[in-house]
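In what follows, a single structure is set out as structure tokens and then discussed.
Here is how names work: the chains are called A, B, and so on, in the same order as the sequence lines, proteins then strands, and each is numbered from 1. Any value given below was found using the heavy atoms of this structure, including those in side chains, with hydrogens, waters and symmetry copies removed.
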Number of protein chains: 2
Amino acid sequence: MTSRAVGTRRVEILRAAAELFAARGFHGVSIEELGRAVGTSGPALYRHFPGKESLLAAMLLDVSERLAAGGRERVAAAADPREALESLLRGHIAFALGEPALITVHDRELDNVPEPERRRIRRLQRGYVEEWVRVLAQLRADGRPELLRATVHATFGLLNSTPHSADEVPGEQMAELLLDMGGAALLAGG
Amino acid sequence: MTSRAVGTRRVEILRAAAELFAARGFHGVSIEELGRAVGTSGPALYRHFPGKESLLAAMLLDVSERLAAGGRERVAAAADPREALESLLRGHIAFALGEPALITVHDRELDNVPEPERRRIRRLQRGYVEEWVRVLAQLRADGRPELLRATVHATFGLLNSTPHSADEVPGEQMAELLLDMGGAALLAGG
DNA sequence: CGCGCCTGTTAATGGTCGCTAACATGGTCG
DNA sequence: CGACCATGTTAGCGACCATTAACAGGCGCG
């Protein structure tokens, strides 16, 4: 059996790994389990990634890039700061609700990424945060930059908590709730 | 050398373990490391806990009990719902800022607690959440219970995110910021 | 004084893990 | 058609890990 398209396996592995890492943590999942989750067994993974850590690195790099790029586009497309902030919120909420496993791994497992890539991921994350901070600064004359940054981080905590409260609330309502709460939190204080 | 007071070692171990588990995750910390962190080496831990998992269980049980008891007391001592909610917020914020490692482990490592204790911890957590929900319900005619519960969970995400954004903002200001953001988030939506 | 408990030590054990080696297979293409 | 490359397989290696065994010192109490 030869694979369908190039890179299909790779993507399959990353998706399965995200679920497992989110559920039991990077160190709580073995290579053998990762293999079994995609129908192969164990060491077949090494045909696609040089090691377990590289797999995590690829995953977090992809997430960070998608978030950062999405943020940039949304801000660029917005007519004014108010609209930009709402668009950022909607984008992040869609991501958190749509790919809860990725969001979870993204803010728990950075420390397990080896050094060359960790720096790149951090840079991307910082860029994403600064996107929010710049927009927020235009809406609030008051805040010093560190305070705005802390505000944004706390808001991410709010938005990213969704996966952990395995929900009885349907996605559409949850999105609305998070939009309201996130907006209120961002504009509070000062 | 005989220890100062009874249970001193036990507490020392729990404190050190909280830091290590928060930093690298339950599976990322070895017994040997836990021992070294309190000046003994490795297997000495088994004089105080029957195993690694029991250690985690004791830690999470203690946190859950303190949060739940604190919540109960604060609500009982409050004159009205508005005051109760503010007191709950202040209490949780003080905990999150004062013991960031415990808060982190508390909402990441429950799955690694073995079954008899896990249920008890969950029960305590649920009780704490319901304390918040009852208060919130008195302040907001609108919300259905699941929505209020989701609101409270999201607010916890906001408050508990503090440890991860290792901060440039001093504690007192951070507490104020979280109070404002948390309050706004809780009363938003609907 | 001496016995026992509390608390610690080092050595060993059995299991698991990440990773490598050696080998197999099947489709692509010169 | 036959060599190559991509993608698997199983077996094995060395490291590490949680836990247990065997042993030791010191303090409190009879």
Side-chain angles (χ1 to χ4, degrees), chain A residues 1-60 105 109 111-118, chain B residues 1-60 105 109 111-118:
Chain A
M1 185 196 323
T2 303
S3 58
R4 282 259 160 263
V6 161
T8 284
R9 251 301 138 80
R10 211 184 134 89
V11 168
E12 251 183 306
I13 293 170
L14 286 171
R15 187 190 315 275
E19 300 294 334
L20 289 170
F21 288 164
R24 296 209 300 286
F26 180 74
H27 292 294
V29 181
S30 72
I31 293 283
E32 175 62 31
E33 279 175 298
L34 288 172
R36 206 178 313 128
V38 294
T40 79
S41 222
L45 290 194
Y46 292 91
R47 301 294 172 196
H48 304 275
F49 298 91
K52 200 187 177 191
E53 288 181 331
S54 308
L55 194 162
L56 180 66
M59 187 172 122
L60 295 199
V105 177
E109 308 288 6
D111 293 341
N112 292 310
V113 175
E115 234 334 325
E117 293 98 328
R118 177 154 54 190
Chain B
M1 185 196 325
T2 303
S3 57
R4 281 261 160 264
V6 161
T8 284
R9 248 303 137 76
R10 212 183 133 91
V11 168
E12 251 183 305
I13 293 169
L14 285 170
R15 186 191 316 277
E19 298 295 334
L20 289 171
F21 289 164
R24 297 209 298 286
F26 181 73
H27 293 294
V29 181
S30 73
I31 293 283
E32 175 62 30
E33 279 175 299
L34 289 173
R36 207 178 312 128
V38 294
T40 79
S41 220
L45 290 194
Y46 291 90
R47 299 296 170 195
H48 304 274
F49 298 91
K52 200 186 176 191
E53 287 181 333
S54 308
L55 194 161
L56 181 67
M59 186 171 122
L60 295 198
V105 177
E109 307 287 5
D111 294 341
N112 292 311
V113 175
E115 233 333 324
E117 294 98 328
R118 178 155 54 190

| Close side-chain approach of B:R9 and B:T40, heavy atoms under 4.5 Å |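 Yes, at least one pair of side-chain atoms sits under 4.5 Å.
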
| message | To the closest 0.5 Å, what do you measure between OG (B:S54) and NE2 (B:H48)? | response |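 Answer rounded to 0.5 Å: 14.0 Å.
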
| request: With a 4.0 Å heavy-atom cut-off, tell me which residues in residues 12-32 of chain A come close to DNA chain C, sorted by residue number. | output: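 Of all residues in residues 12-32 of chain A, the ones placing a heavy atom under 4.0 Å from DNA chain C are A:V29, A:S30, A:I31.
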
| said: Between P on D:dT19 and CG on B:L55, what's the gap in Å once rounded to a whole number? | reply: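 That distance rounds to 10 Å.
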
| OP1 or OP2 of C:dC6 less than 4.0 angstrom from a side-chain nitrogen or oxygen of B:H48, does that happen here? |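 B:H48 to C:dC6 OP1/OP2: no side-chain N or O under 4.0 Å.
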
| B:E33 bridged to B:R36 by N-O distance under 4.0 Å |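 Salt bridge between B:E33 and B:R36, a charged N being under 4.0 Å from a carboxylate O: no.
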
| N/O donor-acceptor pair under 3.5 Å between B:E109 side chain and B:F26 backbone |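 Yes; at least one donor-acceptor contact below 3.5 Å.
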
| request: Begin from the C-alpha positions of A:L34 and A:F49 and carry the test side chain to side chain contact (heavy atoms under 4.5 Å, CB included) through to its verdict. | output: CA-CA 12 Å; A:L34 288 172; A:F49 298 91; over 6 Å; no

| Base partner of C:dG30, which must satisfy Watson-Crick or wobble distances under 3.5 Å |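 Pair assignment: C:dG30 / D:dC1.
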
| task | Remember a base hit wins even if backbone is also touched, and classify A:G51 as base, sugar-phosphate or nothing at under 4.0 Å, heavy atoms. | result |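 Sugar-phosphate contact only - A:G51 comes under 4.0 Å of backbone atoms but never of a base.
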
So which protein nitrogen or oxygen atoms get under 3.5 Å of nucleotides 21-24 of chain C's nitrogens or oxygens?
{"unit_1": "C:dA22", "atom_1": "N6", "unit_2": "A:R47", "atom_2": "NH2", "d": "3.4"}

| Near B:R15 CZ, under 6.0 Å, is it more than 12 heavy atoms from other residues, nucleotides or ligands? |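 Check fails, neighbour count at 12 or below.
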
